[in-house]
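Protein chains get the first letters and strands the later ones, always in sequence-line order, with residue 1 at the start of each. Side-chain atoms are counted along with the backbone in the values below, which use heavy atoms only and exclude waters and symmetry mates.
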Amino acid sequence: MDVDEASTSNNSIAIESTQPNSRRHKAIHQFTQQSLPACKPVLSPGWVIGIFLLMGTVFIPTGFITLRTSRNVVEIVDRYDTDCIPESFRSNKVAYMKDSSLPKNCSRFLKIEKHMKAPIYIYYQLDNFYQNHRRYVKSRSDQQLLHGLKYNDTSSCQPEEFSNGHPIVPCGLIAWSLFNDTYKFIRGRSELRINRKNIAWKSDRDHKFGKHVYALNFQNGTLIGGGSLDPSIPLSDQEDLIVWMRTAALPSFRKLYGRIEEDLEADDVVVVKLMNNYNTHSFGGKKKLILSTSSWLGGKNDFLGASYIFVGSSCIFISLVFLLLHMKNPR
Amino acid sequence: MAISPNGETSERERERGERRHRTEYGGRGRKKKMNNPVIKLCACSTMKRYVYIKDDESSHDLYCANRISNTKYNVLNFLPKNLWEQFSRFMNQYFLLIACLQLWSLITPVNPASTWGPLIFIFAVSATKEAWDDYHRYLSDRKANEKEVWVVRQGIKTHIQAQDIRLGNIVWLRENDEVPCDLVLIGTSDPQGVCYVETAALDGETDLKTRVIPSACMGIDLELLHKIKASFFAESSVGSPSSISVVVLFFFSTPMQGVIECPVPDKDIRRFNANLRLFPPFIDNDLCPLTIKNTILQSCYLRNTEWACGVAVYTGKFLYSCCQGHIAKWNETKLGMSRGIPEPKLTAVDAMIDKLTGAIFVFQIVVVMVLGVAGNVWKDTEARKQWYVQYPEDGPWYELLVIPLRFELLCSIMIPISIKVSLDLVKGLYAKFIEWDNKMIDHETSTPAHATNTAISEDLGQVEYILTDKTGTLTENRMIFRRCCINGIFYGNETGDALKDARLLNAVASGSPNVIRFLTVMAICNTVIPVQSKSGNIVYKAQSQDEDALVHAAAQLHMVFFNKSGNILEIKFNASIIRYEVLEILEFTSDRKRMSVVVKDCQNGKIILLSKGADEAILPYAAAGQQTRTFIEAVEQYAQLGLRTLCLAWCELEEDEYQEWSLMFKEASSTLVDREWRLAEVCQRLEHDLEILGVTAIEDRLQDGVPETIETLRKAGINFWMLTGDKQNTAIQIALSCNFVSPEPKGQLLLIDGKTEDEVRRSLERVLLTMKTTTSEPKDVAFVVDGWALEIALKHYRITFIELAILSRTAICCRVTPSQKAQLVEILKSCDYRTLAIGDGGNDVRMIQQADIGVGISGREGLQAARAADYSIGKFRFLKRLILVHGRYSYNRTAFLSQYSFYKSLVICFIQIFFSFISGVSGTSLFNSVSLMAYNVFYTSVPVLVSVLDKDLSEETVMQHPQILFYCQAGRLLNPSTFAGWFGRSLFHAIVVFVISIHAYAYEKSEMEEVSLVALSGCIWLQAFVMTLETNSFTILQHLAIWGNLIAFYIINWIFSAIPASGMYTIMFRLCRQPSYWITVFLIVAAGMGPILSLKFFRYTYRPSKINILQQAERLGGPILSLGNIEPQARSVEKEVSPMSITQPKNRNPVFEPLLSDSPNATRRSFGAGTPFDFFQSQSRLSSSSYSRNCKDN
């Protein structure tokens, strides 16, 4: 062994001396000899306790800030799917929803608890609706949405590909099941102005949905799904469709309906005139209407804040445990 | 045949291939097709083959041409054959199946490209590697095939390429030529028909062997042979293969015909039972028996003989491809047959990975079945109500299969496609590290270490048994005469070199008769052949290195043995030439342990018997009245110094006494029954009343660092067996001097001997009993067995022997043949031990190939062993570094890399499974194709590759504490238990990522692409921190890979987010602008890493493994300070390790292993009862339970 080491040190000295300036050469030599300078961190108690303490001190305040932000968001949730069905049809909700001759209009009264600052976002929420179901999520044709009839390979749209032998634009189950409840908001006497523009992503309007693609043969079949589209407006301007086509990853999701661009005061009562068209009763889904303000974190969601506080306090706890262990049993 | 570099060569290749095809199959075209060439041979000539001496280029030859083809492919069959081979591996079949299923758009969750891309890449990589290897094989084959040899063709001696030699061709060799195929001699330049060959390549013996032409060929005198040389005219007629055909060899106008009847090729290099018959008009046309003495075998070298010629009897060469071990082709020469078939080697780590892969596969099937059923149930109960999904009432017949198959595809990533490529890559790098290692360069010959087999470095770290050759491996194989004792006077005691002892030089100069006689015995009592080299120096060709040393020493003391012509020996002593005529040689046998020569002094006609031999074979036969006490003392003294001793003796014979004895000797030599015994008896009659002249002491120097290396490796828990062809005493001496066994009284050697079955059995049982009973005493017990007893033991008492083998940490096997060496390796392997065989000569080749790891020493006995070995090193001492540094690191790294590969695949897969529960168990993929593919082949594969630079402990620490190797040997870093830890970790991380992503991105944010990318980011961040936590030493490359990868993740996703056509358009930009994204990611990291960090810290500090202890010692306290508290413990235990090893149970128990751990407290094999893990005790490996289990295996 002594011999080995002596010889190698000679060797490396030789290499270094022949190539004094060649850093690259030296690096390659170190690499081949597996002797690159390395830092070897040790899990010493000081470090570990310090890391946990640091994490705790960062996470707990962040958690409180996040939680506060979330709590400051004012949110009004109103479930209306059952309540909007006349008493006589309560026993057979599906029949009511399917009968197009029956009037679907319904009024809801929303009491504003706290001052809500504009813009106030109007969402509709669907629960137990599997927009992420494989059969559903695949049933669309992005190419057709962008190029219209010029693109005719729409086999992915099955089973809503053709109707009466003609291609459907926009094809597929997602478009076919377009959400078609509508809302009108009245405060006091006057109707609140709702901005229904710019509710979809700009990138979708510009690049995903064609400016010269018009709905064609849509909701023309024997089976009517959701809402219908105005065939005279290009798809890129049908923002409800664009929003709907952004499928949700969870079975319970909210989609933007519009924005109220004026503040709502506390104790205001907003009357919602809605058209309860969309059938969720056959699968036990819920429909909710949500009015919500927004923060830098988005809507009301206590999860992040609570988790931060939990993780932060766990870190403090762990660091204390380790500290105790270390003091009791120093190594 | 190979991938040819250009069209022209490939054309030639094909043509040659066709010709070969014709020669191989043409003659048997009419016969039933038979696939195995060897069977074909047997079929057409049952047990024998007839070789007709001829000189034409017969293309109707029955037997194969002398062509090497180690290549596996040619241009045409490369693609199909390579694909076929690749797809014969289970993993590849699996991936192909998955890739094919993905083509069915109804079930595929992602774009098929996400599997096809990596699959094609992986196949391309391994195909390229194969093609490259094969091309190199083709080149080396071509070199050997196109070597020029002289062969008589159409009566004219022509130069042809070695590959064109046919059976029956007469091949001419000149001095120092390599023999191209197995030949039967028919003529040499020597008037007595003798030639010398060096057979080092064949059996590892470096001395020259004499070979003689068969007696029948003696008739062909020199002149005739020269005429053959000048012109040969031949005609041939070859009949159908089964009937006897006659090849006529004309000799001028005189017809000469001959036939050699020889057995079907076998692998015995010491036996050749054949007959030669020359047809009229040769005088002697009786059947002439041929023995191995009449042959020269392939790859020997012709030495000291101007020329020789012979008839090719076996042709063909060793055909195998080193990496796959396919031997499908012809290999008839003795060399080829005796080399054995190298099997493809699979490391224990690979086997474990395969096992784990299998387990994951089973798990995957279970998951798929459960989810498949759940999916179908959900579909029938729930999905049909979801009107927007429009499930048809009546699906096609395969409807029930659709959902399970979707899940199969979704879960297919559980088995990471990248693992094979990653492993191949890092294994290649391990091999490179070995080759690059400056500390393993032999500076004497400047040979670096070389790794022929790049795939088995991990096994080096798991070696349990090392079987080593002695001469040339442990020793330098350079015998030097060191001391002597003449007539009671000790020479060389002061200087350590008798040749420099002034007293001896004076005695020689003054012509002291005792010294002169002593030197005479040294010079001529041997079978050495002196060769006058061109420069006038005398080179000795000796059968044994001892004789060589003696003759050299005598020459230095002015007694120069300079010529041997026939029976006359010529010695030059102080300018006077003394001649002796050798009358008889009483050869050395291992029973007699001595050899003698009877010579006649040509000057005075005296007949003298010169003897040399082991002390116990010489001293009892001293003449009555002679004092042998000083000689016994000398022998003891020298033996304690580890020198090899020989006693020299001398005895003058009366003329009539000799004559009388000579008759008896001749009679005994010609007996057919019990010849050896009779000869010994007759010899004994002459070898008595000897006058003891003195004792010589020869040193076979151990290589530098051998004792230290062996000590370190034994400390590391590796058992050493020495297998040598050498004498028992020498072997034991060497064993003592290199720490193999401790000297008395601590060590104990148990001898197994015996000539008959019964004796061997008794001896074996006695040894076994002693072994079992002495286990409680602190003794270093080793058993010694010789080749003969070993043969009997292996044949009749295999089970007892295996039991003994398992009990014994050390064994010395002497006088073993190459195939016995291989058998011993096999026995240990059959007990499920990892074996490493190290050797330097051709006689070690079989054992090297048989062992899990073969290491060759590129030493003085040529490169035979080094070529056959998986690794070749210049000196034995590099073995320490090879095992402790390279083997250990390789094992650790592969253990981490493979488990990490599974872990990261499982994380993503679990997330997919969880997601399926919130997507109606319909098999939707949360991640898109691009992300999935990039995750597997890029984001997680690149950083893990730099783990090849990770070092848990520095090299110095490992060298100081070789015990730490135990973790690798017992497979503590990669086994089902550690894997369970990783599995648990992946489950935990998947839950963290999934739960946090779907809650943080709920409601209005629950957009599919966004949630998917948030979850993916969470995974990538966790991977980075897992890598950081698991890395022991950070070099700049590790930082680059880990953090660079994280940055690369964002860059890649930004690029994809900038492409409008991609599904991820704008998503990444959108996310990066959201504070909630970053808050979510940090939450994932903290929640995912916090518990793991605290667990690791807890174990590291309060339940440390020995590795952790050394890490702490190395990094915190500095080696000297902190080693204090482990060193004494290690030392004191080490003293008792060897004895304890026998008593303690093989302590490799699976220990409870909590989840989320990486700690190695578990084992790859579970033996014995569940005693708690204790590192030092666990060095012991043997227990009654373990060996009984092992015995059952056999």
**OP:** Sort out for me which of B/H999, B/Q390, B/K432 touches chain A most, counting heavy-atom pairs under 4.5 Å.
**Re:** B/Q390
Original post:
Between B/K880 and B/E708, does at least one N-O distance fall below 4.0 Å, as a salt bridge requires?
Top reply: no
Original post:
Is it the backbone or the side chain of B/E1009 that comes under 4.5 Å from a heavy atom of chain A, or both, or neither?
Top reply: side chain
**OP:** Identify which part of A/P37 has an atom lying under 4.5 Å from any heavy atom of chain B, answering side chain, backbone, both or neither.
**Re:** backbone
Original post:
Non-hydrogen atoms of chain A under 4.5 Å away: do they reach the side chain of B/T712, the backbone, both or neither?
Top reply: neither
**OP:** Give, as side chain, backbone, both or neither, the part of A/Q125 having an atom under 4.5 angstrom from any heavy atom of chain B.
**Re:** side chain
**OP:** Side chain from CB out, backbone as N, CA, C, O: work out which of these in A/W296 comes under 4.5 Å of a heavy atom of chain B, or both, or neither.
**Re:** both
Original post:
Do B/Y430 and B/H886 meet the criterion of a side-chain donor-acceptor pair at a distance under 3.5 Å?
Top reply: no
**OP:** Please look at B/L1037 and chain A and tell me whether the side chain, the backbone, both or neither of the residue comes under 4.5 angstrom of a heavy atom of that chain.
**Re:** side chain
Subject >> Pick from B/S1033, B/G920, B/S1006 with the largest number of heavy-atom pairs that fall under 4.5 Å of chain A >> reply: B/S1006
Subject >> Side chain / backbone / both / neither for B/T709 at chain A, heavy atoms under 4.5 Å >> reply: neither
Original post:
Is A/K208 paired with A/D142 through a side-chain N to carboxylate O contact shorter than 4.0 Å?
Top reply: no
Subject >> Charged N-O contact under 4.0 Å between B/E1010 and A/R246 >> reply: no
Original post:
Which answer fits B/Q1074, side chain, backbone, both or neither, if we ask what part of it has an atom under 4.5 Å from a heavy atom of chain A?
Top reply: neither
**OP:** Return yes if some donor-acceptor pair links the side-chain N/O of A/N180 with the main-chain N/O of A/G225 below 3.5 Å, else return no.
**Re:** no
Original post:
Between A/F52, A/F253, A/Y121, A/F129, which has the largest tally of heavy atom pairs under 4.5 Å with chain B?
Top reply: A/F129
**OP:** Please state whether the side chain, the backbone, both or neither of A/L256 comes within less than 4.5 Å of a heavy atom of chain B.
**Re:** neither
Subject >> chain B interface, residue from A/S314, A/P41, A/S319 that has the most non-hydrogen pairs under 4.5 Å >> reply: A/P41
Original post:
With distance as the sole test, does A/R254 use its side chain to make a donor-acceptor pair with the main-chain N or O of A/I290 at under 3.5 Å?
Top reply: no
Subject >> Contact leader toward chain B among A/L297, A/I318, A/V311, A/V321, where contacts are heavy-atom pairs under 4.5 Å >> reply: A/L297
**OP:** Please report the C-alpha distance between B/Y388 and B/Q386 in whole Å, then the side-chain angles of each, then the deciding distance to 0.1 Å, and finally whether the side-chain hydrogen bond (donor to acceptor under 3.5 Å, both in side chains) criterion is met.
**Re:** CA-CA 5 Å; B/Y388 52 90; B/Q386 315 268 0; 2.4 Å; yes
**OP:** Considering only NZ, NE, NH1 and NH2 on the basic side and carboxylate oxygens on the acidic side, decide whether B/K379 and B/E382 come within less than 4.0 Å.
**Re:** no
Subject >> Any residue meeting disulfide bond (SG atoms under 2.5 Å apart) with A/C315, in chain and number order, not counting sequence neighbours >> reply: none
Original post:
What part of A/I174 is in contact with chain B, defined as an atom under 4.5 angstrom from a non-hydrogen atom: side chain, backbone, both or neither?
Top reply: neither
Subject >> Flag for B/Q960-B/T957: side-chain donor and acceptor within less than 3.5 Å >> reply: no
Subject >> Proximal component of B/R1070, with respect to chain A [non-hydrogen, under 4.5 Å] >> reply: side chain
Original post:
When only pairs under 4.5 Å are counted, which of A/F31, A/Y308, A/F310 shares the most heavy-atom pairs with chain B?
Top reply: A/Y308
**OP:** Please flag which part of A/N279 lies under 4.5 Å from any non-hydrogen atom of chain B: side chain, backbone, both or neither.
**Re:** both
Subject >> chain A contact via B/I434 - side chain, backbone, both or neither, heavy atoms under 4.5 Å >> reply: neither
Original post:
Measuring from A/N128:CG to A/S252:OG, what's the distance to the nearest 0.5 Å?
Top reply: 9.0 Å
**OP:** Select one option (side chain, backbone, both, neither) describing which atoms of B/I918 are under 4.5 Å from chain A's heavy atoms.
**Re:** both
Subject >> A/K288 and A/D127 ion-paired at < 4.0 Å >> reply: yes
**OP:** Against chain A, label B/T1066 side chain, backbone, both or neither, depending on which of its atoms sit under 4.5 Å from a heavy atom there.
**Re:** side chain
**OP:** Could you check which of A/Y130, A/Y136, A/Y123, A/W47 has the highest count of heavy-atom pairs closer than 4.5 Å to chain B?
**Re:** A/Y130
Subject >> Side chain / backbone / both / neither for B/Y1077 at chain A, heavy atoms under 4.5 Å >> reply: neither
Subject >> Greatest number of heavy atom pairs closer than 4.5 Å to chain A - which of B/V948, B/N1108, B/I1036, B/I996 >> reply: B/I996
Original post:
Strictly by modelled atom types, are B/Q1111 and B/N1032 linked by a side-chain donor-acceptor pair under 3.5 Å?
Top reply: yes
Subject >> Best-contacting candidate, B/Y1065, B/Y1100, B/W387, B/Y889, against chain A by heavy atom pairs under 4.5 angstrom >> reply: B/W387
Subject >> Partner chain A: residue of B/F1034, B/Y1001, B/F915 with the largest heavy-atom pair count (under 4.5 Å) >> reply: B/F1034
Original post:
Is a side-chain donor or acceptor of B/S446 paired with a backbone partner of B/H443 at a separation under 3.5 angstrom?
Top reply: no
**OP:** Could you tell me how the ring of A/Y278 sits relative to the ring of A/F179: parallel (under 30°), tilted (30 to 60°) or perpendicular (over 60°)?
**Re:** tilted
**OP:** Sort B/Y391 into side chain, backbone, both or neither according to what part of it lies under 4.5 angstrom from a heavy atom of chain A.
**Re:** both
**OP:** Can you tell which part of B/F1097 gets under 4.5 Å to a heavy atom of chain A, answering side chain, backbone, both or neither?
**Re:** both
Original post:
Going by atom types alone, do A/D302 and A/S70 pair a side-chain donor with an acceptor below 3.5 Å?
Top reply: yes
Original post:
Is it the side chain or the backbone of B/V389 that comes within 4.5 Å of chain A heavy atoms, both, or neither?
Top reply: both
Subject >> Residues A/S155 and A/E161: side-chain donor-acceptor under 3.5 angstrom >> reply: no
